[in-house]
Amino acid sequence: MTGDQDRPARGDVIEIGGSTREGAASHWRRRPKWLPLVLAAGVGLAVYARTGADRVPPPASRSPAPAVASSAPEATAPATPGPATTGAPPAVTEVGRPLLGITGGWQLYGRGPDTVVRIEFARGRVSITPVRALLSTGPVSFLLSPDGVVIRPVDAVEGYRVPDGRPATETTNDLDRSGAMLPGPDPESVWVSNGDGVRPRMLLARFDGRATGVEIALPMGVSSFAQPDGAGYPAITATGGVYTIRLDGVRRITTGDLVAVGPRHWLARECDERLRCTGVLISHPGGARRAVTLPAEITAFDRGAISGDGRMAALVAMNATGAPRVHLLDLRLGVVRVLGLPVEASPGSVVWSPDGKWLFVTGLDGQLAAVDAATGRSRDLGVRLPQVSQLVVRPAAR
């Protein structure tokens, strides 16, 4: 977001006209309409390695993690009055050393069926907060908030705020709306759906549930396809391509399909009238475009994740047996490495560390894997974790 034109002001309403292209892209036709609602960095179909040498053998079976310091509730200041808590305080494990040798101040959060895991790598600390099971089997938004994370199903059921070091609480006010919830243009805000199929809008709210008065009106028929654009605004698939909706109007990202999203880049697949397709890496803001080699085997996509430095993309493709595998694509060299990890092919199952050195993946068994981006090999954190299905990374404080 650059310039005053993208800064939200109370009362701003952006009306967006137009209609969706029929059925959107073919990959949208094949999956439920609610699938692209979830943030975080979804994953997608991609490519396989060009040679056997590019493949990384499956990791060895997991051995029990070494014993670590005993767990205990994290000591915090008393919480201010607010919504009733829904569980116990987090249990904290102190490892006594940086996990994976990471010394940066960024953190990783994981959502499981009844817990939220917070990993502070530099401090060697893992916190596990109990959360009541969601009363929904549909998609779930899992977003960073200024003091923790928010869990919000798209269904009209209760969601949760999980503050760092405190018990989970139920979401309230605008955070308790059903429908899509997407990251806002700053760490204090979030886009929520108005849940109205007649006049679909995204409302900008604060994480304490207060409305800001800023709204973006979506074209009819596209509210189910609103998804994060990686820069804090909704993106939609409509006639003529994929668009990001800003406070100063609509901007087309690509005339083709959006393959992967990152904090500074989009990866698109664009085809000519003879269906000759190529990859394009697009920077944002600015819109600079650069051709990227995408192997001819690529036929369909979900959303992938691009590292913050724009050097690597993590995609998910099905192998010959239909099993999803993570594909690491070097965006400069066009080299593809296929990981042996059986991955959960759902939004939020693959995320990058802020420095692009680590890729975190949720496996089909719910286990978290840390992948060294330089080698493609999985590393064990050395601490036992509950099952997780969605991930989100908090950058280090500045």
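The first residue in the sequence is number 1, and the count goes up from there. Keep in mind that this is a model prediction, so the values were computed, not measured.
In this structure, CD in Glu94 is found 8.0 Å from CD in Glu120, a value given to the nearest 0.5 Å. The distance from the CG atom of Leu100 to the OG1 atom of Thr103 is 11.5 Å, given to the nearest 0.5 Å. Atom OG of Ser353 sits about 13.5 Å away from atom CD of Gln107, to the nearest 0.5 Å. Distance check: Arg394 CZ to Leu108 CG gives 11.5 Å after rounding to the nearest 0.5 Å. Once rounded to the nearest 0.5 Å, the distance linking CZ of Arg379 with CG of Leu99 reads 10.5 Å. Here the CD-CD1 distance, from Gln390 to Ile151, works out to 8.5 Å after rounding to the nearest 0.5 Å.
Other residues, nucleotides and ligands place more than 12 heavy atoms under 6.0 Å from the CZ atom of Arg290. More than 12 non-hydrogen atoms from other residues, nucleotides or ligands lie less than 6.0 angstrom from CZ of Arg206.
Residues that satisfy the salt bridge (charged side-chain N to carboxylate O under 4.0 Å, His left out) test with Arg111, not counting sequence neighbours, are absent from this structure. The side-chain hydrogen bond (donor to acceptor under 3.5 Å, both in side chains) test applied to Glu188 returns no partner, not counting sequence neighbours. Every residue two or more places apart in sequence or in another chain was checked for a ring pair (Phe, Tyr, Trp, His ring centres under 6.0 Å) with His265, and none qualifies. Under the side-chain contact (heavy atoms from CB on, under 4.5 Å) criterion, Thr129 pairs with Pro90, Val162, sequence neighbours left out. Listed by chain and residue number, Arg152, Thr171 satisfy the side-chain contact (heavy atoms from CB on, under 4.5 Å) test with Asp176 (two or more places apart in sequence, or in another chain).
Tyr243 and Arg251 are not linked by any side-chain donor-acceptor pair at a separation below 3.5 angstrom, with hydrogens and angles left out of the test. With hydrogens and angles left out, the side-chain atoms of Arg125 and Ser127 include no donor and acceptor closer than 3.5 Å.
Residues Arg118 and Ile128 form no side-chain contact, since every pair of their non-hydrogen atoms from C-beta on lies 4.5 Å or further apart. A heavy-atom distance below 4.5 Å is found between the side chains of Glu270 and Thr254. Side-chain contact between Trp358 and Asp372 is present, with heavy atoms from C-beta onward closer than 4.5 Å. Counting only heavy atoms from C-beta outward, the side chains of Leu134 and Asp155 never approach each other to under 4.5 Å. No side-chain heavy atom of Leu315 sits less than 4.5 Å from a side-chain heavy atom of Val326. Looking at heavy atoms from C-beta onward, Val190 lies in side-chain contact with Phe207 at the 4.5 angstrom threshold. Here the side chains of Leu368 and Leu391 are in contact, with some heavy-atom distance below 4.5 Å. Side-chain contact between Val280 and Leu267 is absent, with no heavy-atom pair separated by less than 4.5 Å.
Across every non-hydrogen atom of Gly356 and Ala373, the tightest pair is O-CB, 3.6 Å. A pairwise comparison of heavy atoms in Arg252 and Gly240 identifies NH1-O, 3.1 Å as the closest pair. In plain terms, the two heavy atoms of Ala369 and Leu341 that are nearest each other are CB-CD1, 3.9 Å. The minimum heavy-atom distance linking Pro185 with Trp191 is given by the pair CD-NE1, 3.8 Å. Met202 and Ala226 get closest at one heavy-atom pair: SD-CB, 4.4 Å. Counting all heavy atoms, side chain and backbone alike, Asp208 lies closest to Asn173 at O-ND2, 4.0 Å.
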*Test side chain to side chain donor-acceptor pair (under 3.5 Å) applied to Arg276 and Thr278, step by step*: CA-CA 7 Å; Arg276 293 174 298 200; Thr278 185; over 6 Å; no
*Stepwise side chain to side chain contact (heavy atoms under 4.5 Å, CB included) check, Leu385 with Ile119*: CA-CA 10 Å; Leu385 298 174; Ile119 303 175; 4.1 Å; yes
*Could you walk me through whether Val350 and Leu359 pass side chain to side chain contact (heavy atoms under 4.5 Å, CB included), step by step?*
CA-CA 7 Å; Val350 176; Leu359 179 70; 3.2 Å; yes
*asked:* Let's go through Arg161 and Asp147 carefully: what are the C-alpha distance in whole Å and the side-chain angles of both, what is the deciding distance for salt bridge (Lys or Arg N to Asp or Glu O under 4.0 Å) to 0.1 Å, and is it a yes or a no?
replied: CA-CA 9 Å; Arg161 292 188 62 182; Asp147 63 348; 3.2 Å; yes
*side chain to side chain contact (heavy atoms under 4.5 Å, CB included) between Leu281 and Ile306: does it pass, once the steps are laid out?*
CA-CA 10 Å; Leu281 187 67; Ile306 303 175; 4.3 Å; yes
*Step by step, work out the side chain to side chain contact (heavy atoms under 4.5 Å, CB included) result for Leu381 and Phe121.*
CA-CA 9 Å; Leu381 272 68; Phe121 293 94; 4.2 Å; yes
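With hydrogens and angles disregarded, no donor-acceptor distance shorter than 3.5 Å links the side chain of Arg201 to the backbone of Asn194. With hydrogens and angles ignored, the 3.5 Å screen pairs no side-chain donor or acceptor of Thr244 with any backbone N or O of Asp229. Put simply, the side chain of Ser145 gets close to the backbone of Gly148: a donor and an acceptor are under 3.5 Å apart. A donor-acceptor pair is defined here as one N or O able to donate and one able to accept, closer than 3.5 Å; no such pair exists between the side chain of Trp106 and the backbone of Val393. A donor-acceptor contact shorter than 3.5 Å links the side chain of Ser307 to the backbone of Met312. Remark: side-chain polar atoms of Ser193 are not paired, donor with acceptor, to backbone N or O of Gly179 under 3.5 angstrom. Side-chain atoms of Gln227 do not come within 3.5 Å of backbone N or O of Pro234 as any donor-acceptor pair. In terms of modelled atom types and a separation under 3.5 Å, the side chain of Asp272 and the main chain of Arg274 share a donor-acceptor contact. In terms of modelled atom types and a separation under 3.5 Å, the side chain of Asp257 and the main chain of Arg269 share no donor-acceptor contact.
With respect to Arg311 and Asp330, no salt bridge is recorded, no charged nitrogen being found less than 4.0 Å from a carboxylate O. Ion pairing of Arg132 with Glu158 is present here, as a side-chain N (NZ or NE/NH1/NH2) and a carboxylate O approach within less than 4.0 Å.
Sorted by first then second residue, the disulfide bond (SG atoms under 2.5 Å apart) pairs that include residues 232-294, not counting sequence neighbours, are Cys271-Cys277.
Checking Val192, Asp174, Val140 one by one against Met181, the side-chain contact (heavy atoms from CB on, under 4.5 Å) holds for a single residue, Val192. Test Ile245, Leu182, Leu247 against Tyr233 for side-chain contact (heavy atoms from CB on, under 4.5 Å) and you get one pass: Leu247.
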